[in-house]
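These notes are about the structure you will find just below.
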Amino acid sequence: LENVIITNNFAYSRGGGLYCAENSSLSFSAINRCDIYSNNVENRGSGADIYSGSTISVILDTFTVINPTDYHASPLNNFTFDILNAVINEQIDADLYVSPDGDNDNDGLTVQTPLKTIQHANSIILADSNNPRTIYLANGVYSPSTNGEFFPVDVIDYVSLVGESEAGVVLDAEGVNRVMNCFGVNNATLNNLTLTCGSADYRGGGLYFFESNPSLENVTISDNSAAEFGGGIYCKVSNPNLTNVTISNNLAGYCGGGIYCDNNSNPSLLNVTISNNSASDDGGGIYCCDSSEPSLENCILWDNLPQEIVFADYFDDNSVAISYSDIQGGEAGIVTNNNGTVYWLSGNIDTDPLFVDAEGGDYHFLAGSP
């Protein structure tokens, strides 16, 4: 490659600007240098600017940043870089602040000088195992029409997203894409957020987890849809921890209106409400497939259609462990299709939880609820 400019491109899977499959052989001129910058990819952790399945020495005049992270080049260990210039001149090894009323020309280092978009914060933050970082989100609506937010929002390893308040920080995808991606993320938390109006052509309208084990606390996932699997959440080879999470009014074209657990996914749910989700085929609340084993403690599954929990009748056995939870239809209402085991532990009930206003999205309990 000589005198080549690759910029402002978009990929759905890998390598927003440039994709090199395994065993690719690619060389960059050190005299007539190329430019690669400001590209995007839907599935983060897949190289917004460049992805390579083989080791490559990248020699450029201009890249998006001087010090590429896995956000820009993936897998990062497959690259060595020689870069002279960057479009984004300053990367920040510190916590950052974001507000829909902010400005991406701010430094983002204080509440008074916030950045405008989460995408921009992700592109400039530096974090690793020795220096985990947090992006703090002020109350407001983060959407394409309000602050120009790019969706899906990415969760980056060692970077946590913490909102000012669960009801106040609203990530609204406005139907343009799913709300959030977690690809290869094992060291991050999501706190005090509402994820809504995501739409996926295939899987995970609200959240897509792939080989990821983040922690979610005080999060609402509502009014999202997927054309096939996981209207609210889709998990593949993932074990996220959910605490104080509400999953409601999500829709899947086939299975898993609330959560779809696939391929050895074992999410842990504590104080989670899954209600009023629906799937056109099976598992309005939770759908388990291919050796998935979710565990539920102090949870509520109610008014999900056509069933609360369903096991796929193909691939390997599944299981679910439930304790101190309120499951509509009780143990008998869980459809196993003779393909797995229900561990019905202590403290479970089948009693109307008496939500204050489920249709209005208020899943607090009326006085006198069980």
Side-chain angles (χ1 to χ4, degrees), residues 206-207 209 213-221 229-250 252 255-279 281-313 315-355 358 363-365 369-370:
L207 269 163
F209 295 116
N213 308 312
S215 296
L216 283 67
E217 187 169 358
N218 301 325
V219 174
T220 295
I221 302 165
F229 308 127
I233 296 174
Y234 178 85
C235 295
K236 185 169 185 177
V237 200
S238 296
N239 308 316
N241 294 301
L242 281 63
T243 303
N244 299 332
V245 172
T246 300
I247 302 169
S248 64
N249 300 308
N250 300 288
C255 303
I259 303 176
Y260 190 108
C261 302
D262 192 13
N263 196 196
N264 295 283
S265 289
N266 310 314
S268 175
L269 282 62
L270 174 64
N271 301 336
V272 174
T273 297
I274 302 174
S275 183
N276 287 305
N277 303 284
S278 60
D281 193 355
D282 278 322
I286 299 174
Y287 189 87
C288 299
C289 179
D290 199 7
S291 296
S292 291
E293 300 179 351
S295 63
L296 288 68
E297 181 179 350
N298 199 30
C299 294
I300 297 173
L301 274 82
W302 205 264
D303 282 341
N304 299 289
L305 296 173
Q307 313 95 351
E308 302 299 326
I309 301 174
V310 173
F311 293 174
D313 59 0
F315 295 131
D316 293 334
D317 290 359
N318 306 281
S319 72
V320 61
I322 304 173
S323 61
Y324 300 100
S325 295
D326 189 4
I327 311 297
Q328 188 171 15
E331 182 179 6
I334 300 173
V335 181
T336 67
N337 287 309
N338 297 315
N339 193 33
T341 303
V342 176
Y343 296 99
W344 192 257
L345 307 176
S346 301
N348 296 316
I349 59 174
D350 173 14
T351 304
D352 190 336
L354 299 178
F355 297 124
Y363 289 93
H364 293 91
F365 303 127
S369 295

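What you are looking at is a predicted structure, and each value in this text was computed from that prediction instead of being measured. Side chains included, hydrogens not; waters and symmetry mates left out as well; all remaining heavy atoms used.
Between Pro240 and Pro214, the closest side-chain pair of non-hydrogen atoms falls below 4.5 Å. For the pair Leu216 and Leu207, the minimum side-chain heavy-atom distance is below 4.5 Å. Leu301 is listed as a side-chain neighbour of Ile286, based on a closest heavy-atom distance under 4.5 Å. Val320 places none of its side-chain heavy atoms less than 4.5 Å from the side chain of Thr341. The closest side-chain heavy-atom distance from Phe355 to Ile300 is below 4.5 Å. Here the side chains of Leu269 and Ile259 are in contact, with some heavy-atom distance below 4.5 Å. Here the side chains of Asn263 and Phe315 are not in contact, with every heavy-atom distance at 4.5 Å or above. A heavy-atom distance below 4.5 Å is found between the side chains of Ile309 and Phe311.
The shortest non-hydrogen separation linking Ser248 to Tyr363 is CB-OH, 3.4 Å. Smallest separation of non-hydrogen atoms from Gln328 and Asp303: OE1-N, 2.7 Å. The two residues Ala252 and Gly231 come nearest to each other via the heavy atoms CB-N, 3.8 Å. A pairwise comparison of heavy atoms in Ala279 and Gly256 identifies CB-N, 3.9 Å as the closest pair.
Under the side-chain hydrogen bond (donor to acceptor under 3.5 Å, both in side chains) criterion, Asp317 pairs with no residue, sequence neighbours left out. With sequence neighbours left out, the side-chain contact (heavy atoms from CB on, under 4.5 Å) criterion links Ser325 to Leu296, Cys299, Ile322, Ile327, Asn348. For Tyr287, the ring pair (Phe, Tyr, Trp, His ring centres under 6.0 Å) test picks out Tyr260, with sequence neighbours left out.
A donor-acceptor pair under 3.5 Å is formed between the side chain of Asn213 and the backbone N or O of Asn239. Formation of a donor-acceptor pair under 3.5 Å by the Asp262 side chain with backbone atoms of Lys236 is not found in this model. Side chain of Ser265 to main chain of Ser238: a donor-acceptor pair is present (N/O by atom type, distance under 3.5 Å, no hydrogens or angles). Remark: the backbone N or O of Asn337 is not paired with any side-chain donor or acceptor of Asn339 at under 3.5 angstrom. Side chain of Glu308 to backbone of Gly285: no donor-acceptor contact under 3.5 angstrom is found. No donor-acceptor pair closer than 3.5 Å links the side chain of Ser215 to the backbone N or O of Asn241. Listed for the Asn277 side chain is no donor-acceptor partner under 3.5 Å among the backbone atoms of Gly232. Looking at Glu297, its side chain never comes within 3.5 Å of a backbone N or O of Ser323 through a donor-acceptor pair. For Asn304 (side chain) and Ile274 (main-chain N/O), a donor-acceptor pair under 3.5 Å exists by modelled atom type.
Note that the CG atom of Asp326 and the CG atom of Asp352 stand 8.0 Å from one another [nearest 0.5 Å]. How far OH of Tyr343 is from CD of Glu293: 7.0 Å, rounded to the nearest 0.5 Å. Atom OG of Ser291 and atom CG of Asp316 lie 4.0 Å apart (nearest 0.5 Å). Cys235 SG to Asn264 CG: the interatomic distance, rounded to the nearest 0.5 Å, is 12.5 Å.
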- Task: Report the C-alpha separation of Val310 and Asp281 in whole Å, then their side-chain angles, then the decisive distance to 0.1 Å, and conclude whether the side chain to side chain contact (heavy atoms under 4.5 Å, CB included) test is met.
- Result: CA-CA 10 Å; Val310 173; Asp281 193 355; over 6 Å; no
- Task: Give the intermediate values and the outcome of side chain to side chain donor-acceptor pair (under 3.5 Å) for residues Asn276 and Asn249.
- Result: CA-CA 5 Å; Asn276 287 305; Asn249 300 308; 4.6 Å; no
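Looking only at atom types and distance, the side chain of Asp282 has a donor-acceptor partner in the side chain of Gln307 under 3.5 Å away.
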